[in-house]
Each structure stands twice: as structure tokens, then as C-alpha cells.
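Below you'll find the structure I mean.
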Amino acid sequence: VYASQSDDNGCHACAPWGSFFQFEQVPSTPAPAWQLVHAAVGQEPVGSWGVMAPVHVLPLSHQVLGVWFVASYMAQGFNSEAMLVYSWVGEDWRQVFYASTGETDGNAEDDLSWQAHWRLAYDEGGALTLDMATRFSPGAQDWAKAQGHEWPQGSWRFDGRALRATCCLG
């Protein structure tokens, strides 16, 4: 995973564009070498203030890796967070999961924040389940509903193409 911006980008709040590269180790003399298998350049802007969100590479299932970001964005004192997961699916890198994971209205007199908390669990076959629960400060849930905001609650499981709510797995 690599992040870049153009040299003439003067935007202080813009996110760099994330690019994905996948390599495999191949036999070579005197030591093994790495060969580029897949590349997706300038796939998605991820992060804010010119800095890419922290990157985590975690398994989604047996032999399928996901690139995880928990990114934070701020505009006019309002801070929002999101979890984004990308993986190689079919013939391309794709976003296989997105969820808002928190909001804070920094300009409000009352604390109207909420935060999603998650847990990753793997079964014996290596399949991932993502569990999320949301905690609200007093009054925040009513405020979020009034603003039309949604928050994650429940479990998701990777089905080979995306992390899907467990209620919808066939």
C-alpha cells in the first residue's frame, strides 16, 4: 500500500490517493526475489490532512488478505471516522467493507459523540467475523438520528466477495 499526492497539491485537508500492490516470492539465486502480481494505482483517497490513514493487513479468510484503514476526517469542527477494507476480488482491488465508526461535533456545547467498538474473530477454518457495537454519549443517539446518520451494530462475515451482515448470508 502506497500513498501519494501531486507536487502541486496545496490542499491542507485533502487525502492522499492509496495504491495497492501485491507481490509473490519467487525462487531466485542467491536469494528469493519478489515479483509484482497485481497493481492498482490511485485507487482511493484515504486519510486527511495530507496523511494516509494507518494501514493494517489482516486475513479475511484462508489465503485472502484485507487491507484495513480506520480513517478520520474533519470538516468545520465535525469529526467523523470510518473503517474501510479493501481486498483483491476477481480481477481487481475492491472495497469490501465500509462503516462509519464514530462522530463528534466539536462545536456543540453538549458532547454528542458516538464510537463503534469492534472485535475480530477467526473460526477454525480461518474465516473472519467482525462484531461491532456502538456506544453513545448522553443525547448523542437522538442527535445522530435527527441528523440522518447511521451507525454500525451487529456482525459481518467475509463471503469471498465482501464482508456482509450475518443476517444476509445464504
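Small disclaimer: the values here were computed from a predicted structure and weren't measured. Here, residue 1 is the first one in the sequence, and each next residue gets the next number.
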Is any side-chain heavy atom of T101 less than 4.5 Å from a side-chain heavy atom of M132?
yes
*Taking the side chain as every heavy atom from C-beta outward, state whether M83 and L130 have any pair of such atoms under 4.5 Å apart.*
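In contact.
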field: Distance-minimising heavy-atom pair for V96 and S87
entry: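 Looking at all heavy atoms of both residues, the closest pair is CG1-CB, 4.1 Å.
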For D92, give me all partners under side chain to side chain donor-acceptor pair (under 3.5 Å), at least two apart in sequence or on another chain.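 Result, side chain to side chain donor-acceptor pair (under 3.5 Å) vs D92: none returned.
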- Heavy-atom check, side chain of W156 versus side chain of V85, under 4.5 Å: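 The answer is no; the side chains never approach within 4.5 Å.
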Sorted by chain and residue number, the side chain to side chain donor-acceptor pair (under 3.5 Å) partners of Q95 (sequence neighbours excluded) come out as Y86
**Item:** Residues in side chain to side chain contact (heavy atoms under 4.5 Å, CB included) contact with Q25, at least two apart in sequence or another chain
**Value:**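 Result, side chain to side chain contact (heavy atoms under 4.5 Å, CB included) vs Q25: P32, W34.
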- Message: If hydrophobic clusters are built from ILVMFWY residues whose side chains come within less than 4.5 Å, do V37 and V26 share one?
- Response: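 No, it is not one cluster - the side chains of V37 and V26 are not joined through contacts under 4.5 Å.
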Residue set satisfying side chain to side chain contact (heavy atoms under 4.5 Å, CB included) with S61, at least two apart, ordered chain then number -> V64, F158
**OP:** Using the test side chain to side chain contact (heavy atoms under 4.5 Å, CB included), find all partners of Y122 that sit at least two apart in sequence or belong to another chain.
**Re:**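 L58, P59, L128.
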Close side-chain approach of F69 to V55, heavy-atom, < 4.5 Å: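 Side chain of F69 against side chain of V55, heavy atoms only: contact under 4.5 Å found.
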Rounded to the nearest 0.5 angstrom, the CG-OG1 distance for D159 and T166 is 12.0 Å
Taken in chain and number order and not counting sequence neighbours, the residues that satisfy side chain to side chain contact (heavy atoms under 4.5 Å, CB included) with Q115 are E81, H117
* Separation of D131 CG from W118 CH2 (nearest 0.5 Å) ->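 These two atoms lie 13.0 Å from each other.
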Plane angle bin for H38 and W88 - parallel if under 30°, tilted between 30 and 60°, otherwise perpendicular
parallel
